[in-house]
Amino acid sequence: QIQLVESGGGSVQAGGSLRLSCAASGYPYSRACMAWFRQAPGKEREGVARVDSGSGSRYYADSVKGRFTISQDNAKQTVFLQMNSLKPEDTAMYYCAVGSWSWAWGCPRLSAENFNYWGQGTQVTVSL
């Protein structure tokens with residue numbers, strides 16, 4: 001059974017930093033596409049960042065580029081999201097997700113429908 005468990009959320013003032021962690025277990029394939037999404041109240045789930053567990057290649061949404069960094073520890077099957085220079089508009093529930101890697105196209109587009117497994121989420125609140 002595939003499980004994803006997020007941690008590290010909390011409340012921080014604007015300009016501050018947080019580091020989210022996602023511990024994965026039970027994924028049957030050696031290569032996967034790990035991603036972070038977020039969802040604010042009344043808004044659609046938004047892709048934040050994605051990493052190819054095999055090549056290490058990364059992709060970021062424009063809204064977080066230069067402020068957030070996704071990384072991984074393959075030995076521990078853990079993916080991280082370092083969030084710096086946080087803004088109030090970053091306030092949301094943050095979710096870790098796993099999508100299938102393909103020889104044909106690599107990792108899928110960073111959209112919720114392309115990711116199969118999800119964690120329960122961790123809340124990030126940024127205040128002025």
Side-chain angles (χ1 to χ4, degrees):
Q1 184 179 356
I2 297 168
Q3 286 192 318
L4 301 172
V5 180
E6 301 100 332
S7 60
S11 297
V12 65
Q13 287 191 321
S17 298
L18 283 173
R19 189 188 194 214
L20 306 184
S21 299
C22 172
S25 62
Y27 195 72
Y29 305 108
S30 59
R31 190 166 182 174
C33 304
M34 305 293 296
W36 288 96
F37 288 77
R38 65 186 182 186
Q39 189 167 20
K43 293 190 176 182
E44 291 188 356
R45 194 164 293 191
E46 172 194 21
V48 173
R50 181 198 71 207
V51 62
D52 178 331
S53 70
S55 68
S57 66
R58 307 171 189 180
Y59 174 86
Y60 297 95
D62 287 343
S63 58
V64 305
K65 206 172 290 184
R67 300 188 299 122
F68 290 10
T69 301
I70 188 170
S71 61
Q72 58 181 343
D73 182 338
N74 281 344
K76 297 182 179 180
Q77 293 188 303
T78 302
V79 63
F80 306 96
L81 186 69
Q82 178 67 42
M83 305 185 295
N84 298 329
S85 302
L86 282 161
K87 305 175 181 180
E89 51 263 43
D90 295 318
T91 295
M93 185 72 79
Y94 282 71
Y95 297 90
C96 176
V98 177
S100 298
W101 180 86
S102 165
W103 283 105
W105 61 74
C107 282
R109 186 171 56 91
L110 190 58
S111 184
E113 67 267 21
N114 294 329
F115 286 77
N116 313 102
Y117 304 98
W118 295 83
Q120 82 288 349
T122 185
Q123 178 67 37
V124 171
T125 303
V126 185
S127 58
L128 287 171

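When reading the values below, keep in mind they use all heavy atoms of this one structure, side chains included, and skip hydrogens, waters and symmetry mates.
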Looking at every non-hydrogen atom in both residues, tell me the closest pair between [X] and [Y] and how far apart they are.
| X | Y | value |
| --- | --- | --- |
| Q82 | S17 | NE2-CB, 3.9 Å |
| S7 | T122 | C-OG1, 4.3 Å |
| L110 | A35 | CD1-CB, 3.7 Å |
| L128 | P88 | CD2-CG, 3.6 Å |
| M83 | V124 | CE-CG2, 3.8 Å |
| L4 | A24 | CD2-CB, 3.4 Å |

Between S63 and E89, a side-chain donor and acceptor under 3.5 Å: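 Side-chain D/A pair, S63 to E89: absent.
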Within 45° cone of Y95 ring axis and under 6.0 Å: R45 NZ or CZ: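 The answer is yes, since R45 meets both limits relative to Y95.
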Side-chain contact test, heavy atoms from C-beta onward, threshold under 4.5 Å: evaluate it for [X] versus [Y] and give yes or no.
| X | Y | result |
| --- | --- | --- |
| V79 | I70 | yes |
| L81 | V48 | yes |
| V98 | N116 | no |
| S53 | Q72 | yes |
| W36 | E6 | yes |
| S100 | C33 | no |

Within 6.0 angstrom of Q13 CD, more than 12 heavy atoms from elsewhere: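 No.
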Residue K65 excluded, over 12 heavy atoms near NZ under 6.0 Å: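 Check passes, neighbour count above 12.
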Sequence-distant partners of R31, side chain to side chain donor-acceptor pair (under 3.5 Å), two or more places apart: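 Per chain and number, R31 pairs via side chain to side chain donor-acceptor pair (under 3.5 Å) with D52.
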For R58, all residues meeting side chain to side chain donor-acceptor pair (under 3.5 Å), sequence neighbours excluded: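 None.
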Pairs touching residues 46-80 that satisfy ring-ring contact (aromatic ring centres under 6.0 Å, His included), sequence neighbours left out: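 As it turns out, there is no ring-ring contact (aromatic ring centres under 6.0 Å, His included) pair with a partner in residues 46-80 once direct neighbours are skipped.
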With [X] via ring-ring contact (aromatic ring centres under 6.0 Å, His included) - residues at least two apart:
| X | value |
| --- | --- |
| W103 | W101 |
| F37 | F115, W118 |
| Y27 | Y29 |

Short N-O contact, D90 and K87, less than 4.0 angstrom: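 So D90 does not pair with K87 through a salt bridge.
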Trace of the side chain to side chain donor-acceptor pair (under 3.5 Å) decision for T78 with D73: CA-CA 5 Å; T78 302; D73 182 338; over 6 Å; no
Please round to the nearest 0.5 Å and tell me the distance separating atom [atom1] of [X] and atom [atom2] of [Y].
| X | Y | atom1 | atom2 | result |
| --- | --- | --- | --- | --- |
| Q123 | R38 | CD | CZ | 12.0 Å |
| N84 | R67 | CG | CZ | 9.0 Å |
| C96 | Y117 | SG | OH | 13.5 Å |

Shared hydrophobic cluster for V12 and L20 (ILVMFWY, side-chain gaps under 4.5 Å):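 Yes; tracing contacts between hydrophobic side chains, which count when under 4.5 Å, links both residues.
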